[in-house]
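Take a look at the structure below.
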Amino acid sequence: MMHYFELTEVISSHAHQWGGGAFFVLYILVIFLLIYNRHLNRCYKNIAISLSIISLIRYFPPIVNFFALHFFKGHEFARVGWGLLVVPVISIGLVCAIEELSEKKRRINAFIVIVSMCFLIGINAKSYFKLPDNKYKLPQEAVDVEHMVELVGCETDVGLTFCPSSGTQSFKQIELVYYGLKAYGCFDYQVIASSQEVVDGKYEVLITSQDYYKDYVVAGGYEEVGETDNVIVYKKPLETAYK
Amino acid sequence: MQVQLFLAFIYIIIITVMIGSAFKRSTGIADVMLRGFIFQLVVFSLCYYITVFILHTMSLDILARLYLFSTSLVAIYGGCRVIWHRGQVKSMLMELSASISSNKVYAFASLVIISCQVVRAGIMEPISISDNCEYYQVITAMVEKGEVYASGFAAKYVTSSWYPYEAFLARFTGCHGTIIASTVLPVLLILLAYCALWRLGQVVFEGDNRKNCLFLFIAAIVTEGMLINADPAAYMLVWPTWGKNLPPTIVCPLLLALFIEQAKMPQIDVRATVWMFLLSVVAANATAASMLAVPLQMFALSIVFLFRKKRIDLCLMSVVVIIPEIIQFILYVMFSSGRLAL
């Protein structure tokens, strides 16, 4: 059985879910609005009660995690359903509320439209979207590195090495390049942890972050192919690489 | 590439409409699009299971041929029905026009917001890449190698035919896998999500188009507002092609709509039950997360009606509907424990 301290750890680890508390409270309020709305068919009260059950399970992560951790081995079971029915339920409830208000005040519709538009403008959705760097919507660095690697040789001739960096941001960038290359279609490359493991191909391609030891790399016989803002691409004929 | 992109859009939308038109009971354009899309995914899922589990081959080309053979016949029949019953198309367009006229302010406002969301999803990209690269890599590997899950078969993918579907679209249309996943499909999926909400609104508001237009408007605002909290409900706008977004945005609202229709009738309708089952198949094959999402929804809905209205038939219907999730669960556990090898 989960002890008290484990429960608090689970709750705190899911604090990000409670960060949606405003919409959660709205969700519950709307369900009660549906239950007590006199305009809706009585059938919907049962639907509203059902949605209350879903919301309790959906928004109470310790329950879900308790079952996931103790009865199932794998986090897929804990994924109840992203945003399960939150938008439709809130929307239905707000429509019922607006209809109630519309009976008493004639200009409520115009008011709602204006408030909604102000809300939309205030959201600043720009902070979530940006124009893509390329048609693939991948990090441009990954696409640039791919073109550099193509200059070295064809896919089967190259063994790819990624060098980790000390800085978290640089590692993040190099990770994006790594995954971006795989997303672009470079999975045929051998991706290895160190040059000692290169066994096939004609060239080794080394990708390091900008703050990696450049002199050390050049001294090891690598030749620079090109660089981007965050990474440098080197090559070395494989017969001179460590085996 | 622009030509291929244009052809990809045309193929996906037209084939969805043609297949949806094959069903006689389609009521409205939203219904046609939804039925067409659901049927495509169900057929693709069946072909996926036949290819991987029965034929024991990972060839994407064999899967594609099975799927194209199955759907082309239905699509041709649907296309012929559209031409033969031109009056039905006209009445659907007139119904759409009547819906907009019933509440012009909210109808146009919601169309504007939805259009902006759709265009934004097609043109722009999310600032946070998150798991996109992983899923793009899975799709690209399948396209390049011509094999299902060529980059590796994780347990959560074993029952999911969603990414092979995206890979099939990329291979068939000639577009790069990332373009299908980040540009073409987001447009279709956001439109279908609002079609699902429109369908739900038709049931909840009992055909009152005025309230339905208001509902769609509010839903568009609320979905956009969810971005503030980075709530999963807003992921439909940010990462719509993730498999885990398909059930909550399209399947679950439709299941709720069909359940409400069934609950209002004294006896359950077999056809509606079949559609609910097909929806459940789509959810099960979109993501492993639906193992809990769909049974939870059906359990919560049916248990309340069992105790308050003594509706045992709805409970039995719910058990039938969650059969795909039960099979999904069994396959997931078998694969995770090593009892199933592919």
Side-chain angles (χ1 to χ4, degrees), chain A residues 16 19-20 22-23 40-41 43-44 46-47 49-51 53-54 57-58 64 73-74 76-88 90-92 94-95 98-99 109-110 113 116-117 119-120 123 125 127-132 135-139 176 179-180 182-185 187-188, chain B residues 1 105 109 120 124-127 129 133-134 136-137 140-141 144 151 155-156 176 178-179 182-183 197 200 204 211 214-215 218-219 221-229 231-233 235 238 244-245 247-248 252-253 256 260 263-264 288-289 291-293 296-297 300-301 304-305 308-309 336:
Chain A
H16 67 278
F23 277 102
L40 280 179
N41 188 302
C43 162
Y44 298 113
N46 297 321
I47 301 289
I49 295 169
S50 311
L51 293 168
I53 298 172
I54 295 173
I57 299 175
R58 166 73 180 86
V64 178
K73 305 295 180 189
E76 294 300 328
F77 301 99
R79 295 177 183 233
V80 179
W82 292 32
L84 188 63
L85 296 172
V86 171
V87 169
I90 289 178
S91 305
I92 292 169
L94 288 176
V95 169
I98 290 166
E99 288 293 305
N109 287 340
V113 171
S116 305
M117 290 301 157
F119 177 64
L120 268 182
I123 283 171
S127 56
Y128 300 94
F129 299 93
K130 65 181 176 89
L131 285 170
K135 61 187 176 186
Y136 307 105
K137 296 188 182 177
L138 291 174
L176 284 176
Y179 284 114
K182 295 190 91 177
Y184 189 91
F187 64 95
D188 272 341
Chain B
M1 182 51 76
V105 172
R120 183 180 59 194
M124 301 181 88
E125 64 165 335
I127 286 174
I129 295 177
C133 277
E134 181 196 337
Y136 293 170
Q137 182 249 320
T140 307
E144 300 260 336
S151 57
K156 63 179 180 178
H176 196 273
T178 58
I179 295 176
S182 64
T183 302
L197 288 175
L200 175 62
V204 172
K211 287 181 189 169
L214 176 58
F215 168 65
I218 298 287
I221 299 281
V222 170
T223 309
E224 194 75 23
M226 292 287 188
L227 283 174
I228 297 174
N229 284 323
D231 193 278
Y235 291 174
V238 187
K244 57 175 77 74
N245 277 326
C252 292
L256 182 60
I260 293 172
K264 280 155 72 172
M291 272 188 284
L292 208 53
L296 170 65
Q297 181 181 354
L301 289 168
V304 171
F305 277 87
R308 286 174 63 92
K309 296 284 184 188
S336 301

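Just so we're on the same page: letters track the sequence lines, and every chain starts at 1.
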Study note, to complete from the structure: Sorted by chain and number, sequence neighbours left out, side-chain contact (heavy atoms from CB on, under 4.5 Å) with A:V95 holds for A:E99, B:F205, B:K211, B:L214, B:F215, B:I218

**Study point:** Side chain / backbone / both / neither for A:L131 at chain B, heavy atoms under 4.5 Å
**Key:** both

Review point. Taking only residues two or more places apart in sequence, or in another chain, which ones meet B:T178 in a side chain to side chain donor-acceptor pair (under 3.5 Å)?
Key: B:H176

Review point. B:V105 versus chain A, heavy atoms under 4.5 Å apart: side chain, backbone, both or neither?
Key: side chain

Review point. Which region of B:L256, side chain (C-beta onward) or backbone (N, CA, C, O), has a non-hydrogen atom less than 4.5 Å from a non-hydrogen atom of chain A, or is it both or neither?
Key: side chain

Exercise for review: To the nearest 0.5 Å, tell me how far B:Y136 OH sits from A:L138 CG.
Suggested key: 7.0 Å

Exercise for review: Among the options B:C252, B:A300, B:P247, pick out the one with the most heavy-atom pairs lying under 4.5 Å from chain A.
Suggested key: B:A300

Check your understanding: If you round to the nearest 0.5 Å, how far is CD1 of A:I90 from CG of A:L51?
Key -> 11.5 Å

